[in-house]
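Structure, as structure tokens:
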Amino acid sequence: MTFQTGHIGLNVSDLDRSRDFYLKVFGFEVFGESDQPDRRYAFLGLDGELVLTLWQQSEGRFATGLPGLHHLSFQVPDIEAVRRAEAVVREIGVTLHHDGVVPHGEGASSGGVFFEDPDGIRLEIFASSGADERPAPTTDAPTCGFF
């Protein structure tokens, strides 16, 4: 038996704000959405494939101190795509970790940009090579970009 991640479902506090964020940063398309007051959601994806469903059914900010999601990681073909995403993240002014693209660890070529969505959900966009121009973030914790 093999497994592959299907789409990701996220609870968000403001569907319009989150939808606009994910469209701008990731270039997703809207596949469908509901504006029913008690059931607001948006299906987002690329090239006919559903990637993300946003559900407006929460309040507050993402709680990093509770069990559950650590971060979402999205792989792109090359470091240039990571840098394009970094430019958009900087342009819209969201929380950016490590001041830009960093490798996953000391001596690693893979790496990416680490940032937060409008609800504080931690996100990563990475490439398998080309991120070794800067030093890796230092910490005693496992390297995943967020400490």
Side-chain angles (χ1 to χ4, degrees), residues 2-33 40-147:
T2 61
F3 294 92
Q4 178 178 328
T5 303
H7 75 277
I8 299 160
L10 296 177
N11 286 337
V12 299
S13 61
D14 181 327
L15 181 65
D16 297 326
R17 178 183 67 176
S18 293
R19 182 194 58 235
D20 293 348
F21 169 85
Y22 282 95
L23 294 178
K24 183 155 184 112
V25 173
F26 291 88
F28 291 143
E29 305 165 48
V30 177
F31 289 172
E33 57 188 320
R40 292 198 70 211
Y41 62 84
F43 295 134
L44 309 178
L46 287 171
D47 302 323
E49 294 289 324
L50 178 62
V51 176
L52 192 65
T53 303
L54 304 175
W55 296 90
Q56 182 173 303
Q57 56 186 29
S58 63
E59 296 177 2
R61 291 199 41 89
F62 178 70
T64 60
L66 296 175
L69 178 72
H70 183 271
H71 73 285
L72 295 178
S73 176
F74 296 88
Q75 185 171 3
V76 293
D78 52 48
I79 201 68
E80 290 76 24
V82 175
R83 292 192 198 296
R84 287 191 300 274
E86 176 190 12
V88 172
V89 166
R90 287 183 184 281
E91 174 189 320
I92 61 178
V94 299
T95 300
L96 177 68
H97 296 266
H98 312 301
D99 195 34
V101 177
V102 293
H104 283 128
E106 199 61 45
S109 181
S110 68
V113 62
F114 301 87
F115 56 101
E116 295 177 13
D117 84 350
D119 287 304
I121 298 170
R122 299 180 298 192
L123 303 167
E124 169 189 11
I125 297 176
F126 81 98
S128 60
S129 64
D132 48 0
E133 298 171 0
R134 291 191 54 209
T138 56
T139 181
D140 294 334
T143 55
C144 285
F146 298 101
F147 311 134

Under 3.5 Å, side chain of Ser110 to main-chain N/O of Ala127, donor-acceptor pair present?
no
Kindly indicate, with the supporting measurements, whether the criterion side-chain hydrogen bond (donor to acceptor under 3.5 Å, both in side chains) is fulfilled by His97 and Glu124.
CA-CA 10 Å; His97 296 266; Glu124 169 189 11; over 6 Å; no
Quick one, Phe115 and Ile92 - any side-chain contact, counting heavy atoms below 4.5 Å?
no
Give a yes or no answer on whether the side chain of Arg122 reaches the backbone of His70 with a donor-acceptor pair at less than 3.5 Å.
yes
Near Glu49 CD, under 6.0 Å, is it more than 12 heavy atoms from other residues, nucleotides or ligands?
no
Please check this pair: side chain of Arg19 against backbone of Leu54, looking for a donor-acceptor N/O pair closer than 3.5 Å.
no
Heavy-atom closest contact (Pro118 atom, Arg61 atom, distance):
O-NH1, 3.1 Å
Are any of the side-chain heavy atoms of Leu69 and Phe62 separated by less than 4.5 Å?
yes
Can you tell me how far the CG atom of Leu10 sits from the CD atom of Gln57, to the nearest 0.5 Å?
10.5 Å
Between the CD1 atom in Ile125 and the CZ atom in Phe26, the distance rounded to the nearest 0.5 Å is 4.0 Å
When every non-hydrogen atom of Phe28 is compared with those of Leu44, the smallest separation belongs to CB-CB, 3.9 Å
What's the shortest heavy-atom distance between Ser129 and Ile79, and which atoms?
O-CB, 3.7 Å
Considering all heavy atoms, the nearest Glu86-Gly100 contact
OE2-CA, 3.2 Å
Between Asp119 (side chain only) and Ile121 (backbone N and O only), is there a donor and an acceptor less than 3.5 Å apart?
no
In terms of relative ring orientation, are His98 and Phe114 parallel, tilted or perpendicular, with 30° and 60° separating the classes?
perpendicular
Arg40 side chain to Glu33 backbone, donor-acceptor under 3.5 Å
no
For Phe21 and Val94, which heavy atoms make the closest approach, and how far apart are they?
CE1-CG1, 3.6 Å
Do the non-hydrogen side-chain atoms of Glu116 and Val89 ever get within less than 4.5 Å of each other?
no
Restricting to non-hydrogen atoms, name the atom on Val102 and the atom on Arg134 that form the minimum distance, rounded to 0.1 Å.
CG1-NH1, 3.7 Å
